[in-house]
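Below is one structure, written out as structure tokens; comments come after it.
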Amino acid sequence: MRAKAIVSGDIDYQSEDVLGLARQLLGKTLVTSLDGKICRGIIAETEAYRAPDDRACHAYGNKITPRTLTMFGRGGTAYIYLCYGIHHLFNVVTGPEGTAHAVLIRALIPQEGIEFMLERRKHKQLNYKLTRGPGALSVALGIHTKMNGTHLLTSNSAIRILNTGLHLSTEDISQSPRIGVGYAGESALLPWRFYVKNCPWVSG
DNA sequence: AAGAGGATGAACT
DNA sequence: GTTCATCCTCTTG
């Protein structure tokens with residue numbers, strides 16, 4: 001049997017533990033490569049969504065519709081959907097095929113390609129709002145619903161997630177209820193939002 | 001065929 | 001703190 005190289009901080013996208021994955025995705029790097037423009041940032045804020053029991057999850061009750069079908073795919077693909085008719089929200093599908101779990105990426109610390117992010121956002125000056133909030137970061141990185149289903153762990157994908165080995169200790173991470181899910185009854189109270197403590201790039 | 005509502009952000013007061 | 005842009009998805013009839 002051949003030993004598989006384990007890089008510090010590698011995570012298992014097929015895990016059923018979507019809460020653990022939402023936490024572990026903090027500190028990972030999100031990269032887009034579009035029109036020759038490379039943009040890269042560190043994930044600083046996430047939220048877990050877990051079918052079938054979570055009322056805030058689009059696939060609540062394991063409901064399959066054309067939209068939610070992507071969430072039932074294999075962990076490591078992108079679930080991107082339109083919110084409020086305007087915003088393209090980017091999620092990482094997790095768990096094995098047939099399990100509709102996903103992690104919403106809510107904020108990034110920009111690292112590379114900041115000039116392209118400023119251009120897409122029509123901002124003149126760099127400030128913390130550049131990639132803060134799920135709709136804002138999608139604009140900055142050029143993420144669009146047409147990229148729904150993209151494989152995030154494949155080297156030639158337009159959107160990728162990389163493990164750069166950055167280690168965050170438990171003291172660096174806070175959690176809270178999720179944003180904007182007040183309609184979801186008891187599920188709205190679950191502390192399934194994770195973020196880097198005292199990080200100015202985080203929303204809320 | 002039609003209507004309601006939403007995992008938001010920006011620009012206001 | 002409030003308003004509203006804007007359109008897709010799902011449910012109902």
Side-chain angles (χ1 to χ4, degrees), chain A residues 18-23 25-26 30 39 41 43-73 75 77-95 99-110 117-150 152 159 161 174-196 199-204:
Chain A
V18 66
L19 299 183
L21 284 170
R23 185 189 288 269
L25 279 166
L26 295 176
L30 179 61
C39 292
I43 297 170
E45 181 182 355
T46 62
E47 284 177 1
Y49 288 85
R50 188 180 74 185
D53 52 311
D54 171 16
R55 283 183 61 184
C57 180
H58 290 159
Y60 174 58
N62 279 341
K63 183 176 60 175
I64 299 180
T65 68
R67 180 173 69 156
T68 64
L69 193 57
T70 309
M71 294 186 79
F72 289 86
T77 57
Y79 170 49
I80 306 168
Y81 75 96
L82 194 64
C83 183
Y84 295 108
I86 305 172
H87 305 291
H88 300 250
L89 269 52
F90 171 71
N91 301 250
V92 181
V93 174
T94 71
T99 301
H101 296 178
V103 176
L104 173 66
I105 307 301
R106 293 191 53 91
L108 291 181
I109 305 168
M117 299 189 204
L118 290 170
E119 177 187 316
R120 292 192 183 109
R121 292 270 287 144
K122 302 190 191 338
H123 283 194
K124 302 248 190 287
Q125 295 275 323
L126 176 59
N127 64 54
Y128 294 128
K129 293 183 179 171
L130 183 65
T131 50
R132 181 162 66 188
L137 79 83
S138 285
V139 172
L141 295 202
I143 292 172
H144 190 278
T145 52
K146 68 188 177 192
M147 301 163 186
N148 184 45
T150 298
L152 301 170
I159 314 173
I161 293 179
S174 287
Q175 64 188 109
S176 78
R178 294 168 294 180
I179 308 289
V181 297
Y183 62 90
E186 304 234 323
S187 296
L189 304 174
L190 299 168
W192 286 5
R193 168 174 174 255
F194 300 87
Y195 59 99
V196 178
C199 175
W201 299 93
V202 168
S203 71

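Every chain is numbered from 1 and lettered A, B, ... according to where its sequence line falls, protein lines coming before strand lines. All values below come from the heavy atoms of this structure, side chains included, with hydrogens, waters and symmetry mates left out.
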Atom-pair distance ([atom1] on [X]; [atom2] on [N]), nearest Å:
X      : N     : atom1 : atom2 : answer
A/N91  : B/dG6 : CG    : C1'   : 14 Å
A/R106 : B/dA7 : CZ    : C1'   : 7 Å
A/E45  : B/dA7 : CD    : P     : 16 Å
A/H87  : C/dC4 : NE2   : C1'   : 11 Å
A/H88  : B/dA7 : NE2   : P     : 15 Å
A/L89  : C/dC7 : CG    : C1'   : 14 Å
A/F194 : B/dA7 : CZ    : P     : 19 Å
A/H144 : C/dC7 : NE2   : P     : 11 Å

Open item on the list: Tell me whether the rings of A/H144 and A/H88 are parallel (<30°), tilted (30 to 60°) or perpendicular (>60°).
Closed with: tilted
Open item on the list: Check the orientation of A/Y84 and A/H87. Use parallel for under 30°, tilted for 30 to 60°, and perpendicular for over 60°.
Closed with: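 Plane angle over 60°, so perpendicular.
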Task: Close side-chain approach of A/W201 to A/V196, heavy-atom, < 4.5 Å - done: no
Open item on the list: Contact between A/L141 and A/F90 at the side-chain level, heavy atoms closer than 4.5 Å - yes or no?
Closed with: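 Side-chain contact under 4.5 Å: no.
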Open item on the list: If you assign A/K129 and A/G180 each to the DNA chain B nucleotide with the nearest heavy atom, which residue ends up on the more 5' nucleotide?
Closed with: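 With A/K129 and A/G180 compared, the 5'-side residue is A/G180.
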Task: Opposite nucleotide pairing with B/dA7, Watson-Crick or G-U, both atom distances under 3.5 Å - done: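 The base-pairing partner of B/dA7, which may sit in any strand shown, does not exist here.
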Task: Pair partner, C/dT6 [Watson-Crick or wobble, under 3.5 Å] - done: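 Its partner: none found.
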Please work out if [X] contacts a base, only the sugar-phosphate, or nothing of the nucleic acid, heavy-atom cut-off 4.0 Å.
X      : answer
A/A136 : sugar-phosphate
A/L82  : sugar-phosphate
A/K122 : nothing
A/R67  : sugar-phosphate
A/R121 : sugar-phosphate

Task: A/R120 (side chain) donor-acceptor with A/S138 (main chain) under 3.5 angstrom - done: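 No, the answer is negative, given that no donor and acceptor are paired below the 3.5 Å cut-off.
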Open item on the list: For A/P191, is there any backbone N or O sitting under 3.5 Å from a side-chain donor or acceptor partner on A/Q175?
Closed with: yes
Hey, does the side chain of [X] come within less than 4.0 Å of [N]'s phosphate (OP1/OP2), counting only N and O?
X      : N     : result
A/R132 : B/dT8 : no
A/K146 : C/dC8 : no
A/Y183 : B/dA7 : yes

TODO: Return the nearest nucleotide to the side chain of A/Y84; candidates are B/dG6, C/dT11, B/dG9.
DONE: B/dG6
Open item on the list: Given the structure, check if the side chain of A/H58 and the base of B/dA7 hold any donor-acceptor pair shorter than 3.5 Å.
Closed with: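 Yes, a donor-acceptor pair under 3.5 Å.
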